[in-house]
Amino acid sequence: MQEVDLSNFKSKVLESLIPVLVDFWAPWCGPCKMISPTLDGMVDDFQGRVKFSKLNVDDNTQIASDYGIMSIPALILFKDGSPTAQIVGVQSKEGIVKFLEANV
Amino acid sequence: MKDVAVIGLGPSGMTAALYLARFKLDVICFEKTSPGGQIVMTDRIENYPGFPDGISGYELAELFKKQLQAYPVEIKSEEVLAIKREDVITINTSSSDYQVRSVIISTGAYPRRLGIKGEEHFTGRGVSYCATCDANFFRGKKVAVLGGGDSAVEEAIFLSKFVKKLYLIHRRDRLRAVDVLKERIEAISNVEFVLDSVINEIGGDSKVEFVNVKNLKTESSKRVDLDGVFIFAGYTPNAQFLKDFLQLDSGGYIITKEDFQTSVEGIFSSGDVRSSSLKQVISASGEGADAAVRVSKYLDNIKGTSYD
């Protein structure tokens, strides 16, 4: 999964031609560390349809605040430069697949 | 066919699986997210002996996991949807069916949703069930913590270091938490106790801006402007998927006999999902060990390899 930050958020997420799922996480957040391996295991299943990225809210407070992040782990799906759907809390793989199928 | 399936890998399931693996039984585990359980949401665990300075919940879960992974235990990241009991036991997950001789259900619980007006709508926008995850977003702000048990008070103590002002709102006239926690929170200057009270509405525009607090004795309501609501008012057991299969108590927890066996033969249960469990890491873990020993005896009996 690709790490995004202030330097490449525009090019990697907002200007992406396919939808991007961004995992908003922080090193202090235990549940965030549980969701990461689940997402890593999904990258290949969605290749060419959805990109997976993670953003450390501790290092990128401005982006987190721009998108109203107040609870993590949070997954936001970006399509054509805009956030179109969001889920918060630890999710199962099936939960994330359902979320993507419903919103991509 | 596997000897035993462990469903749910929090402290109880991980301990059960560790014991079963050391008995050289053939174990398969199911965990719909990642091993860890509710303790990963706890900032600091101070009552698990062996860690005199306390340990973070995430770190403790990682240590449990590391110890388990030293044994050849199969772990499936699949959600169990149903269990069937015929001559053998079939476990039905989102992607496959598995046949096993016995099961330990240790699926735990999650923080209860209270159904307050606005609660669901503002989840992730000011309503939170995880202080360690979200405290940082409320630096210098005003929050309410709902609940009066150990979890609520522990999490409130943690949150008080971040926020400007914290209201601890509890429906009873005194806290239920243990004395050591009560003493600690009573000494914190930015915490205000609001007892005999509940929140009956969470409101705002795009995020939480206020709550309505109702005093249950005087019946009067008051609007309080704030930025966040943290809810730690009890738990909901992860046993709904089993309600037509085995006996649950009125709270939805799994009823077991003294030997940790449920109302269905060969199906055992341990930890927070079990009726009348203590809901502590140490006891969940202890129950997992005990259930594993009972399962091992049960398997000896059905295989005819009993030692007695």
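So you know, we letter chains A, B, ... as the sequences are listed, proteins then strands, and number each from 1.
Side-chain contact between K93(A) and S77(B) is absent, with no heavy atoms from C-beta onward closer than 4.5 Å. Using a 4.5 Å heavy-atom threshold, the side chains of N136(B) and I72(A) count as separate.
The shortest heavy-atom contact between R125(B) and M70(A) is C-SD, 3.5 Å. What you find for D134(B) and S71(A) is that their closest heavy atoms are OD2-OG, 2.6 Å.
With a 4.5 Å cut-off on non-hydrogen atoms, K207(B) touches chain A through its side chain but not through its backbone. Interface remark: F138(B) contributes side-chain atoms only to the contact with chain A (heavy atom separation under 4.5 Å). Using a 4.5 Å cut-off between heavy atoms, I87(A) does not touch chain B at all. For D227(B), the part lying under 4.5 angstrom from a heavy atom of chain A is the backbone only.
For residues 74-84 of chain A, a heavy-atom distance under 4.5 Å to chain B picks out no residue at all. Inspection of non-hydrogen atoms places no residue of residues 149-162 of chain B under 4.5 Å from chain A. Contacts with chain B (heavy atom to heavy atom, under 4.5 Å) involve these residues of residues 20-35 of chain A, listed by number: W28(A), C29(A), G30(A), P31(A), K33(A), M34(A). Applying a 4.5 Å heavy-atom cutoff, the residues of residues 36-54 of chain A that approach chain B are P37(A), T38(A).
Within a 6.0 Å sphere centred on CD of E120(B), heavy atoms belonging to other residues, nucleotides or ligands number 12 at most. Shown here is L6(A), whose CG atom has no more than 12 heavy atoms of other residues, nucleotides or ligands within 6.0 Å. Residue Q67(B) qualifies as open at atom CD: its count of foreign heavy atoms under 6.0 Å is 12 or below.
Interface remark: of the candidates V90(A), D58(A), I69(A), T61(A), I69(A) forms the most heavy-atom pairs closer than 4.5 Å to chain B. Of all the listed residues (P35(B), C133(B), A61(B)), the one sharing the greatest number of non-hydrogen pairs under 4.5 Å with chain A is C133(B). Note: S94(B) leads G57(B), S95(B), S94(B), S56(B) in heavy-atom pairs under 4.5 Å with chain A.
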